[in-house]
Structures are given as C-alpha cells and as structure tokens.
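Have a look at the structure below, then the notes.
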Amino acid sequence: MTSNATLLARRRRLLGAAYRLFYEEPVHLVSGSGVWLRDADGRDYLDAYNNVASVGHCHPLVVEALSTQAATLNTHTRYLHEAVLMYAERLLELMPDALGNVMFTCTGSEANDLALRAAKVFTGGTGIIVTKHAYHGVTELTAGLSPSLGAGAPPARDVYYVAAPDPLHDGSTDGTMFAADVRAALERMRADDVAPCALLADTIFSSDGIQPFPLGALRLAAEEIRAAGGLFIADEVQAGVGRTGTHMWGFARHGVVPDLVTMGKPLGDGHPIGAVAARPPIFDMFGERARYFNTFGGNPVSARVGLAVLDVIRDEGLTANAAQVGAALEQAVRAIQSRTACIADVRAAGLYLGAEIVDPATEAPDAARAAAIVNTMRAKGVLISNSGPAGNVLKIRPPLCFSPQNVDMLASRLEDSIAASA
C-alpha cells in the first residue's frame, strides 16, 4: 500500500500548491457508506462534516440512478430529453410559487456566477453586497465575493461588505441590525455612484461562523435591497435541501421569498449538480440579452441523480430526521457546554451546528484550541471542521441520515477531545 507521505509528495508534484487537505494528518479515504468513511488501513470514520454526500455516501438508489442512465445516454441540454424537465419540475415544486424557472450548472460556484450575471442584466446595476467573511465560490467573480478565501482572492469590483447577523456579539435579536447594515452599504453605493445589483447571502452564514438566527433578518434585508432596485439572491449550497430540518430551504426560515436561489453540492449526493431558480421575468430578460449554455449542467445523468436524491429525502423522511436528530445533537453539545468553560455559544438549525470555542480566562476566540479539537476528533474517528472569521467555531454538518446513535458517539468523543485540548 502506498504511504501517505508518498501520496502527499506525488499530489504536490502533480496538482500543484493551491490545493489544501483537511487535518494535520490527512485521511486517505477509499470507500464510504451512509455516514461512514473508510481509510486505506480499514479504519472507519464517522462523517459529521459532509453536506456533499447529503443523503449518505454511495446511497444505493442514487448509485443505481446514475449507473442506469449512464449506461443509456448522457448528452446535454441542446437536445430534448425528458429527465431534465422532470428534475426542473420537482425542484420548482419545492420552491415558492413566485420562482418559476430553473437553470442548471455543475457547481454552486457556477450557480452563483450565473445568478449574478442574470441579476446584473435585470437590474442594470453592478453593486453587490456580501457578508464580511462569506464564501460564495471559486470563479473569478465569486472568489472576489468570498472574503473567507483571504488575501489571495482580491475583492470583486463594486462589492460592499456587511457584518453577518451575530446575536451573541452584536446583541441584535430581531434582525434589524443586519438590515441597517445593508441599508448603510446601499448608502455607500449611492455615494460612489454605483447602482445596486444584489444582496447575495448564504442563508445560514456558514463561513461567518454559522449564524442561523435571528429569524427574519434576511426578510428585512431583502426589503432594503429591493427598495433600492436590487435583488435578493439566497445561496442555499450550505443551508438548503432539508439541512435545517424545519424547511427544505434556509431562506424559508426567515419568511422571505428570494428573487434568485442558488444550489449546489447537496443536490447530487456527491455527483456535481448546481442550479439557479428565479422569478421568470429575470430569466426572460437574461435570455433576451444573453446566451447561456453549460455542457454538463442539466445532463440526463445529473438529472436522474438529482431526482433520486429528492426521492430519498422524501421517502426516507430525511428533512424530519434532520430536525429530530439535529435537536438531539444540539442538546448533547449544550450539555457538554454546561460542563466546560471553553464553549461560549452553541448555534444550531437541524443538522447544522456551530460551537464557538474561546479562552475561558479571556473569552477571546481560541482558534488554536478549536483546531486541536478538530484534529483530536479525527484521531478518535470522527470528522468535523471549523469555521468563522477567527476560525474558532466547530462546524458540525453530517449527512441527513445521521442517527441518535451517531450523535451519542460524536458527543462522547467531542467531550473527550475538548478535555484533551485543555
């Protein structure tokens, strides 16, 4: 068996320096099933991080849909094929009635890029508002709207930053502060003679430290951008597809209907699928003034995979499972919080949880301890990550099929890992 050191050297030589790996000791994975991943040594890991394999790794119904269609035909949307229409119908059935069109991409980055192109055509504006530590993709445009990528991704033209909602630190529990920040950003645009285009927001503010509250913040902010002539784009790559438990989409928790909705990796359970849903007048104008084609977006294999994922979520009750098991996960982590001074806050919505790690003596963000906890968890066979502007928020985001028994294992090893990091 090839050693990890050899693989690392080969990877660096062949792939270059831009790629990154998780964990101080990278994991060499060879297979997966459900919530479990297996490495080259035959060791199993509980996956508590992956919204890519949203309904579980290698779900048999998804694999069957992929292989059956791949053995029949795979082409693109310049030929007629019913599968992409069936998939569009199913996705739109899950959206508010006002969102009547959907276009397909391969990734969330492409979806955000496409949504912004359409928004610029529809509004005539160029000013885009994002949060201060957002992540929206890796195209040139979306990387420039992703300050979480750091100095290597310089800001896009006409981008304006606002603080994400953060009730623990800003004391705002009704969403009015976020709306006021958006209004202030719009005032800066006017002063710069920049016409507004859009507010683009991840509806759970994942990279900003996982901020699922206050509910209503996005509705109030959407009112501000629309009053100024812009659009509200809901980035659902993190919070969508049943993740939050109470709703299929994160924006619905806030009582708002977006103008455009972008989707990505959870749609395909590991297969690359992205999409943009929109109010029809937006895509009508975009189609009149621009052309769009994506060789692989909306291909028959992807459409069949997407349909299978939606079938699994429906038939296995995975949205309800996210709510029920997510509540147990939150309760378990809050119980740990009551026994340790290093967890300042626990923020959760369904199967998406953030635990803020601080220095108990100073209450300052403790990124080093958060990283130590993440790496100790990996050593104990549980995979999580970290997030937030300071990198001190534990990020727990397992597949939607996570069980109460999985929660028990995670909580036990999390408490042990916290103790080991002291």
For Asp193, look at atom CG and say whether over 12 heavy atoms of other residues, nucleotides or ligands are found less than 6.0 Å away.
no
Examine distances only and state if a side-chain atom of Asn392 and a backbone atom of Glu356 form a donor-acceptor pair shorter than 3.5 Å.
no
Mark yes or no for whether Asn299, through its side chain, and Phe296, through its backbone, hold a donor-acceptor pair below 3.5 Å.
yes
How far does CD of Glu140 sit from CG of Leu145, to the nearest 0.5 angstrom?
11.0 Å
Using a 3.5 Å distance criterion without hydrogens, assess whether the side chain of Arg78 forms a donor-acceptor pair with backbone atoms of His76.
no
Heavy atoms only: give me the nearest Arg226-Val256 pair and the separation to one decimal.
NH1-CG2, 4.3 Å
Side chains of Tyr135 and Asp235: any donor to acceptor distance under 3.5 Å?
no
Between Thr142 and Asn112, is there a side-chain donor-acceptor contact under 3.5 Å, judged purely by atom types and distance?
no
Going by an N to O cut-off under 4.0 Å, is there a salt bridge joining Asp345 and Arg347?
yes
Salt bridge (charged side-chain N to carboxylate O under 4.0 Å, His left out) pairs, two or more places apart, involving residues 316-331:
Glu330-Arg334
Going by atom types only, do Ser302 and Tyr87 share a side-chain donor-acceptor pair under 3.5 Å?
no
Going by atom types alone, do Asp170 and Ser172 pair a side-chain donor with an acceptor below 3.5 Å?
no
Side-chain H-bond candidate by donor/acceptor type, Asn406 with Ser403, under 3.5 Å:
yes
Taking salt bridge (charged side-chain N to carboxylate O under 4.0 Å, His left out) as the test, write out the residues that go with Asp44, two or more places apart.
Arg38
In terms of heavy-atom contacts, Gly137 and Ser109 come closest through CA-OG, 3.0 Å
Would you indicate whether Arg10, at its atom CZ, is surrounded by more than 12 heavy atoms from other residues, nucleotides or ligands within a distance under 6.0 Å?
no
side-chain contact (heavy atoms from CB on, under 4.5 Å) with Tyr19: which residues, sequence neighbours excluded?
Arg11, Leu15
Is the shortest distance from a Lys or Arg side-chain nitrogen in Arg378 or Glu24 to a carboxylate oxygen in the other one below 4.0 Å?
no
Here's one to test your reading of the geometry: is the NZ or CZ of Arg253 within 45 degrees of the ring axis of Phe213 and under 6.0 Å from its centre?
yes
Nearest-0.5 Å distance, CE of residue Met377 to CG of residue Leu383
8.5 Å
Quick one: closest heavy-atom pair of Gly144 and Val159, and the distance?
O-CG1, 4.3 Å
Only counting residues at least two apart or in another chain, list the ones meeting side-chain contact (heavy atoms from CB on, under 4.5 Å) with Val121.
Met285, Phe286, Arg289
Heavy-atom pair with the smallest gap, counting every atom of Cys401 and Gly56
SG-CA, 3.8 Å
Expected output: side-chain Asp208 to main-chain His133 donor-acceptor under 3.5 Å:
yes
Exercise: do Glu110 and Thr139 side chains pair donor with acceptor under 3.5 Å:
no
Quick check: does any side chain N or O of Asn51 sit under 3.5 Å from a backbone N or O of Val237, one acting as donor and the other as acceptor?
yes
Residues which pass side-chain contact (heavy atoms from CB on, under 4.5 Å) with Ala275, listed by chain and number, not counting sequence neighbours
Leu91, Val102, Phe104, Met263, Leu267
If only atom types and distance count, is the side chain of Thr376 paired as donor or acceptor with the main-chain N or O of Ala372 below 3.5 Å?
yes
Can you tell me how far the CG atom of Leu37 sits from the CG atom of Leu46, to the nearest 0.5 Å?
9.0 Å
Greater than 12 external heavy atoms within 6.0 Å of Leu21's CG
yes
What distance separates Tyr160 OH from Cys197 SG, expressed to the nearest 0.5 Å?
12.5 Å
Regarding His136 and Asp202, do their side chains bring together a donor and an acceptor under 3.5 Å, going by distance alone?
no
Are the aromatic ring centres of Phe205 and Phe178 under 6.0 angstrom apart?
yes
Give a yes or no answer on whether the side chain of Thr6 reaches the backbone of Thr2 with a donor-acceptor pair at less than 3.5 Å.
no
So does Asp41 get a backbone contact from the side chain of Asp39, meaning a donor-acceptor N/O pair under 3.5 Å?
yes
Would you find more than 12 non-hydrogen atoms of other residues, nucleotides or ligands less than 6.0 Å from Arg157 atom CZ?
no
Once side-chain contact (heavy atoms from CB on, under 4.5 Å) is applied, do any residues pair with Arg12, and if so which ones, sequence neighbours excluded?
Ala17
Would you tell me whether Lys395 and Ser206 have side-chain atoms, one donor and one acceptor, within less than 3.5 Å of each other?
yes
Return the CG to CD distance between Asn74 and Gln69, rounded to the nearest 0.5 Å.
7.0 Å
Nearest heavy-atom pair of Ala234 and Thr203: which atoms, and what distance?
CB-CG2, 3.8 Å
Measure from the side-chain N and O atoms of His57 to the backbone N and O of Gly32, and report whether any donor-acceptor pair falls under 3.5 Å.
no
Using modelled atom types only, decide if a donor and an acceptor are shared between the side chain of Ser146 and the backbone of Ser148 within a distance under 3.5 Å.
no
Nearest heavy-atom approach of Pro214 to Thr173 is CB-O, 3.3 Å
